[in-house]
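Before any comments, here is the structure.
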Amino acid sequence: MKTSSADYVIRVHSDLQELPLDAWNALLAEQAQATPFMRLEYLQALQQSGSATAATGWQAQFLSVWQGERLIAACPAYLKSHSYGEYVFDWAWADAYQRHGLDYYPKLLVAVPFTPVPGARLLAADGAARQLLLDALLTLARQQSLSSAHILFANEAEQSAASAAGWMARSGVQFHWSNRGDRPYRDFEDFLASLQREKRKKIQQEERKVREAGVSFEARQGTEIQEADWDFFYRCYQLTYRAHHSRPYLTRDFFRLMAQRMPEHWLLFIARREGQAVAASLIALDPKQHVAFGRYWGAAEAISCLHFEACYYQPLRWCIARGYQRFEGGAQGEHKMARGLMPVSTGSSHWLAHPDFSQAVAEFLGREGQAMHAYVNELELHQPFKPS
């Protein structure tokens with residue numbers, strides 16, 4: 001699809017190398033809640049490594065909007081032939097379509113593959129440019145007779161714009177740790193002191209089990225992470241998927257490209273026992289915003305409480321020591337609250353072409369939204385922190 005008027009041109013890109021790196025990233029930098037996962041290097045690496053391609057069910061249909069030579073809007077869009085790797089679940093919708101003899105796939109998806117991190121999705125110079133993107137997405141969906149279009153984990157401004165344009169809103173919840181704004185934690189022990197006694201004792205017990213197992217950690221950041229470290233991490237990453245009887249979404253080449261093109265955005269914790277590496281956890285970083293994101297982990301040995309230490313306590317120690325403001329623990333998991341990560345609402349936007357299904361889903365989302373609001377309110381009543 002290529003449409004134009006006297007003022008702008010809209011293009012669709014299946015080859016991400018066509019897109020201008022500097023212009024895309026400059027536009028991203030202007031957005032609220034920009035994250036490293038929306039950098040063009042990250043998205044290109046997913047395609048070039050074979051992780052997110054048409055063969056794996058992610059056919060790129062990126063949109064760009066041009067005003068003369070100026071890029072004024074862009075978004076990552078994919079034709080999806082399944083719903084894996086999205087973390088906003090629509091399997092029931094797909095099943096309902098199938099039971100009625102209709103095709104749900106392919107659908108149009110605006111998202112970062114395999115990355116449930118809230119943030120900007122519709123990169124735009126202003127509100128008018130964002131509206132052009134929303135219009136272009138529906139035009140693309142209609143031209144290709146697609147069942148639906150979806151925007152996942154968008155920021156608040158994008159969700160509001162989509163709702164105003166008639167898209168249906170869906171809410172979710174994640175668990176994030178936040179530093180104290182008035183008195184940042186001095187160290188991990190200061191953070192533990194802010195927790196209720198039983199929560200603090202449980203964390204201390206879990207850490208003691210790891211120490212008594214003879215496990216120690218080292219953190220390597222950016223170019224400190226050697227190829228052998230990446231190899232060991234990837235082995236652990238594969239073992240995690242194997243334990244769940246599935247295959248990894250990301251290839252080893254993806255992480256090789258990350259090491260080459262975005263090294264400053266990665267932090268690797270390596271657990272060792274008797275000098276041998278036994279586990280690893282990979283954290284993504286936004287050094288400018290002082291935000292860290294829990295991403296992937298795996299272990300070559302089963303050691304009690306090692307997962308909590310590698311994925312929560314070591315990253316939190318690191319974040320507190322460096323004055324980071326937030327650590328996002330990833331999708332789902334209310335068990336994270338006991339470790340100081342609190343519920344945060346997330347949002348997505350949905351459009352369905354079939355009027356009857358659209359009405360049915362709208363009614364479902366209304367009920368689900370009420371239940372989600374009540375769930376978050378209930379979670380807030382179980383704060384792990386001592387009364388201030």
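This chain uses plain numbering: 1 for the first residue, then up along the sequence.
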| said: Counting only heavy atoms not in His290 (residues, nucleotides, ligands), do more than 12 fall under 6.0 Å from its NE2? | reply: yes
| Would Tyr42 and Phe254 count as a close aromatic pair, with their ring centres under 6.0 Å? | yes
| query | Thr56 side chain to Ser51 main-chain N or O, any donor-acceptor pair under 3.5 Å? | reply | yes
| request: Might you point out which heavy atoms bring Lys209 and Ser304 nearest each other, and give the distance in Å? | output: CD-OG, 3.8 Å
| said: Is the distance between the ring centroids of Phe233 and Trp266 under 6.0 Å? | reply: no
| said: With a 4.0 Å cut-off on N to O distance, would you call Arg99 and Asp95 a salt bridge? | reply: yes
| query | Taking the six-membered ring for Trp, are the ring centroids of Trp318 and Phe188 within less than 6.0 Å of each other? | reply | no
| At their closest point, which heavy atom of His82 faces which heavy atom of Lys80, and how far apart are they? | O-NZ, 3.1 Å
| note | Shortest non-hydrogen pair, Leu133 vs Ala73, comes out as CG-CB, 3.7 Å
| message | Looking at every non-hydrogen atom in both residues, tell me the closest pair between Lys386 and Leu195 and how far apart they are. | response | CG-O, 3.2 Å
| field | Note: Arg183-Asp190 ion pair, threshold 4.0 Å (strictly below) | value | no
| Any side-chain heavy-atom pair of Phe385 and Met342 under 4.5 Å | yes
| request: Flag this pair as yes if the NZ/CZ of Arg317 is under 6.0 angstrom from the six-membered ring centre of Phe217 and inside a 45 degree cone about the axis; otherwise no. | output: no
| request: Please work out which of the three classes, parallel, tilted or perpendicular, describes the rings of Tyr312 and Phe327, given edges at 30° and 60°. | output: perpendicular
| field | Aromatic ring proximity, centroids under 6.0 angstrom, Phe357 and Trp93 | value | no
| query | Are the aromatic rings of Tyr87 and Phe153 close, with centres under 6.0 Å apart? | reply | no
| query | At what distance, to the nearest 0.5 angstrom, does CE of Met372 lie from OG1 of Thr346? | reply | 7.5 Å
| field | Polar side chain donor-acceptor pair, His176 to Ser178, under 3.5 angstrom | value | no
| message | Under 3.5 Å, is there a donor on one side chain and an acceptor on the other for Gln276 and Glu301? | response | no
| Do you know the tightest heavy-atom contact between Asn179 and Pro184? | OD1-CA, 3.4 Å
| query | Do any N or O atoms from the side chain of Glu158 and from the backbone of Arg121 form a donor-acceptor pair under 3.5 angstrom? | reply | yes
| message | Between Lys202 and Arg339, is there a side-chain heavy-atom distance shorter than 4.5 Å? | response | yes
